Amino acid sequence: MPEGDTIFRAARALHRALAGNVVTEFESVFPALTRVADDHPIVGRTIESVAARGKHLLMTFSGDLILHTHMRMNGTWHLYPAGAPWRRPARDMRVMVATSDAVAVGFNVPIAELLTPRQLARHKALQALGPDLLSDPQTFDRGEAVRRMRARERDAIGDVLLDQRVVAGIGNVLKSEILFIAGVDPFTPVARLDEAALERLVDTARDQLAANVMDRKQTLVPTIGRRTTRSMNPEAKLWVYGRSGKPCRRCGAIIQAMKTGLDARLTYWCPDCQT
Ligand SMILES: [Zn+2]
């Protein structure tokens with residue numbers, strides 16, 4: 001599952017390339033979306049903005065129409081100069097928006113729909129989102145994030161961090177990394193964590209997401225690997241994710257991995273550093 005910072009960077013790159021430009025071509029393979037686009041043509045509208053909300057991407061067109069997409073596990077947006085070859089097969093295209101200069105292609109995007117502002121305001125998944133970890137310090141409500149974590153007191157903190165209704169933006173890689181950095185065992189029930197520990201997790205998550213937004217170049221293709229360790233060694237980008245059976249970079253203990261949750265995603269942790 002892509003992390004919130006990946007979607008944030010995608011939105012920013014798409015916004016810079018597309019905002020203020022007129023749509024010259026629009027395609028989609030979703031019948032419901034295509035039907036709306038037939039009745040309310042997208043071609044000829046101006047792209048006003050592209051923005052991320054958690055892991056949702058919203059492309060707003062003039063005339064009150066919004067393209068809402070969600071990447072789930074495998075969806076991705078690519079941005080190409082007009083006429084450039086795509087790096088994914090055309091059969092993976094789910095939605096495509098072109099201007100005279102650029103082409104944005106949503107490959108394997110599982111959710112794509114056109115909404116009015118009114119429908120957007122009532123959208124269940126979007127309305128349920130917890131505080132967005134990538135929002136500005138002025139607007140981010142850490143107290144609310146901690147309250148939403150508290151409300152899930154019997155659940156393991158690892159599962160709670162992934163729930164976008166608690167806080168929006170954490171995917172599976174960052175979940176393991178954040179818990180390592182904060183020194184928290186992923187299977188600890190929220191009830192056993194004090195206020196300071198929950199605040200530290202939220203702050204760590206915000207730092208990690210923000211660092212990945214700042215670091216990267218403004219391109220969507222190719223994607224560059226995530227980094228949480230601040231190590232200059234390209235082989236040492238992550239603390240625990242994907243490292244089961246290898247020694248902990250901090251203490252040398254063997255990194256553990258276990259499948260958890262409904263979709264059996266792997267959780268990685270150091271049994272000595274995370275207690
Ligand atoms: Zn360790």
Side-chain angles (χ1 to χ4, degrees), residues 1-9 55 73 130-131 133-134 140 142 145-146 148-164 166-216 223-275:
M1 191 197 309
E3 317 275 342
D5 52 357
T6 309
I7 311 294
F8 186 94
R9 277 184 289 117
K55 296 183 194 175
M73 300 300 276
L133 291 163
L134 275 163
F140 181 74
R142 186 172 73 171
V146 169
R148 288 180 183 228
M149 291 161 103
R150 255 310 152 232
R152 298 273 306 271
E153 59 176 8
R154 274 185 289 186
D155 297 326
I157 184 64
D159 295 338
V160 171
L161 286 179
L162 273 186
D163 187 339
Q164 304 301 302
V166 175
V167 282
I170 300 174
N172 210 33
V173 178
L174 270 188
K175 177 196 79 175
S176 290
E177 296 293 298
I178 289 162
L179 287 160
F180 176 86
I181 293 164
V184 174
D185 182 313
F187 307 102
T188 313
V190 170
R192 285 186 34 214
L193 294 167
D194 62 18
E195 210 70 2
L198 295 180
E199 286 174 0
R200 194 164 66 242
L201 284 167
V202 172
D203 292 346
T204 305
R206 275 175 63 76
D207 288 349
Q208 287 300 322
L209 285 160
N212 270 291
V213 166
M214 300 299 293
D215 272 4
R216 316 283 194 83
T223 43
I224 310 151
R226 169 174 306 280
R227 199 174 67 187
T228 59
T229 57
R230 304 276 126 204
S231 166
M232 288 297 132
N233 177 358
E235 301 298 307
K237 284 180 182 165
L238 297 175
W239 289 109
V240 291
Y241 186 85
R243 301 194 63 243
S244 57
K246 295 186 178 152
C248 172
R249 299 191 195 284
R250 207 174 257 166
C251 76
I254 300 301
I255 300 299
Q256 309 290 307
M258 192 192 278
K259 283 187 178 170
T260 54
L262 287 174
D263 32 19
R265 284 179 287 217
L266 277 166
T267 297
Y268 297 88
W269 78 102
C270 170
D272 286 2
C273 291
Q274 295 170 257
T275 50

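Starting from 1, each residue takes its place in the sequence as its number. Hydrogens, waters and symmetry mates are skipped; everything else that's a heavy atom, side chains included, is used. Counting starts at 1 for both ligands and their atoms, in listed order. Predicted model, so just to flag it, every value in this text is computed and none were measured.
Considering every non-hydrogen atom in both L133 and A205, the closest pair reads CD1-CB, 4.0 Å.
Within the model, atoms CD of E177 and CD of Q208 stand 7.5 Å from one another, a figure rounded to the nearest 0.5 Å. The OG atom of S176 sits 12.5 Å away from the CZ atom of R243 when rounded to the nearest 0.5 Å. For the atom pair CZ of F180 and OG1 of T204, the computed distance is 12.0 Å after rounding to the nearest 0.5 Å. Residue D163 holds its CG atom at 10.5 Å from CD1 of I170, rounded to the nearest 0.5 Å.
Residues D272 and R250 are not paired through a salt bridge, judged by the lack of any N-O separation under 4.0 Å between the basic side chain and the carboxylate.
Excluding waters, the protein N/O/S atoms found under 2.8 Å from the Zn ion (ligand 1) are C248 SG, C251 SG, C270 SG, C273 SG.
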